[in-house]
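Below is one structure; the comments refer to it alone.
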Amino acid sequence: MATRKPHIRPSSVMPVARYDRREPQLRDRTLIGMDSRSDLELWRLARADPDAFGVLFERHGRAVYAFCARRTADLALAQDLTSIVFLEAWRCRKRTEITSDSLLPWLLGIAHNTVRNAHRSRRRHRAALARLPHEPLEAAADDVASRIDAERALADALQAIRTLPDRERDVVVLVLWSGLSYEDAALALGVPAGTVRSRLSRARARLSASLVNPFTTTPGALK
Amino acid sequence: MIDPTSVPVPSDAWVAARRDHLLAELRRTPERRAHRRLVGGMGALAGAGAATAAGLLIAGGPAASTAFAGWRAAPTAPAPGQLPAAEASCPAGGPSPGGKVGPPRAVPPGPPALWDVRGPYSMLLYLDSDGGSTMCMSGGSFVRVLPTSPPSAPAPAADGLVIDRVAGGAVTFVEGRVGSAVTGAALTLADGTRVTVTVGGGHFIAWWPGSEGVATSTETTASGSQSGPADVATDAMHHPCPSGTAPCNHVVHLLDGTVPVGQKGGSSSEQRPRREARPEPSLRASARRRMALSDVSVAWLDETASLSRDAQHSELVVSDRVVVEEYAAVFAEHFGLVHAPALQQRRGRLIAVGARDRVRRLRVAVRGQPVGRDPRHQGLPAAGPPRPLQA
């Protein structure tokens, strides 16, 4: 199946949004998520400044990780995929213009494709993944039981929507589980917002018919 | 109702570590070179793929196992003092009396009929008077005794070989008989590994890390060699320890002279657990498949999954009336598991965490323990610190 490109468009077509051209600032790296600059601003800075890109990771890394975890029900795999998503985002930063206020829909669009091709993605970035710092076994053992519980809950949730067509499943994960608005999900999937609504409606109908109700959140609730 | 929002939130430390790794990667290579690297990387994928496939093949077999680093596919000459030490470490004395609980399983009296040395590991074969046999494997910090019943398969042809017993798991043991003309033999495993067996007195023994099965056998006689599909007795995989028998209770012994808690007690009926101490139905259901339920039961932890890039976990569902004994620590240490902090019991589950790709299956022993009305016994008992093991 051909994968739709998210809203990645050449800068020659998409007008560049305005932003303040201030120099990247040194910041305390220990203050995760304390940077007040907007995504748009950071994205512009990130073209030449990896530190700005690091701030974007701090800001959206958890959401991307959660998306990957929900799509794979494998927390270890989700960690690797999260890194891959940002490596891919960095790779195409110079030919990508962001038009929304948040970078998250675009990142989830990359995550969407990365998860679909998880094996290929990991193979492509295997060298980078191999350089990840090793985690002590004792650290991995911490709270392992709750992690296993979470993976099982995620697997159950995935199983519940397994019968849905891929397109409807993607909408369920993005809108209902990841908390994107219809518009942001449309950006992530590269489809009109109306298509997102209709797919979600069909997904609801199918799951209601099968007596499965995975809808515990409302659109945009987790934003 | 399914709650899909239960994704554990990564800590700030995790985010910081991943961010630093990401930034290091971004600074690692300039953009143009990165692009070239990507193209080159894709071009190299074909070759890398082949290498990966080969690596996977090896990873499943004993050659790649890191749990028994000194293991050799062919028997080695024993180091000075290795055989006497191995013989001394195998429990001496007569067979343990019947009953559910008894003294540690002993090997039959007398010298071993056959010995097989592979690096630092020794396996001795003792023949029982009833036609059965007992294998005693020792190395590092452990001793494992495997009693087997008399073979049921007919004797092999003069130039043939028959495998009478296969005990698989983290380590696979094989025992069998060879014809009178056979002077040597080898087994080819399913992954292609060729394991030379030790032949003597009409018997042969061998073992290898992992659970690869036997594909073919090669018998050598004075007139040459012949190969063919391995002749495995129909009951070779039969569990040597039926439920409620003493041998099952005593497959592992610590080398520091101590007796694991689950082995204490005599063979009298007073030591047998009360009926109400039997595991919950859910445990019994799973036990029918893999566990030999007795006072000290043998369980397979084969629900293995990755936990992180470096770790994996294995899990066994147990009831709250089952505690993990020091057997777990023995195997955990030997197979590279982090045993003391990572053997967790939570809501009736035993979870072991270990290095990834090192443990394919973990064998532990669990002991049914009566749970009275004492509120102290309502929860899961703590496993306690592992005993120091002496080599």
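Numbered from 1 within each chain, the chains take letters A, B, ... in sequence-line order.
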Side chain to side chain contact (heavy atoms under 4.5 Å, CB included), that's the test. Do B/Leu22 and A/Phe53 meet it? Break it down for me.
CA-CA 9 Å; B/Leu22 176 66; A/Phe53 197 73; 3.8 Å; yes
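- With sequence neighbours excluded, the residues forming a side-chain contact (heavy atoms from CB on, under 4.5 Å) with A/Ala69 are A/Leu75, A/Ala78, A/Leu154, B/Val7, listed by chain and number.
- Looking at heavy atoms from C-beta onward, A/Thr82 lies in side-chain contact with B/Trp14 at the 4.5 angstrom threshold.
- Looking at B/Arg18, its side chain does come within 3.5 Å of a backbone N or O of A/Gln79 through a donor-acceptor pair.
- Listed by chain and number, the residues in a side-chain contact (heavy atoms from CB on, under 4.5 Å) with A/Ala118 are A/Leu81 (sequence neighbours excluded).
- Looking only at side-chain heavy atoms (C-beta outward), B/Val15 and A/Tyr65 stay at 4.5 Å or farther from each other.
- Salt-bridge check for B/Arg19 with A/Asp51: failed, with every basic side-chain N at 4.0 Å or more from each acidic carboxylate O.
- In this structure, A/Arg62 contributes its side chain and B/Val9 its backbone to no donor-acceptor pair below 3.5 Å.
- Taking CZ from A/Phe57 and CG from B/Leu26, the interatomic distance works out to 10.5 Å, rounded to the nearest 0.5 Å.
- Remark: side-chain polar atoms of B/His21 are not paired, donor with acceptor, to backbone N or O of A/Leu129 under 3.5 angstrom.
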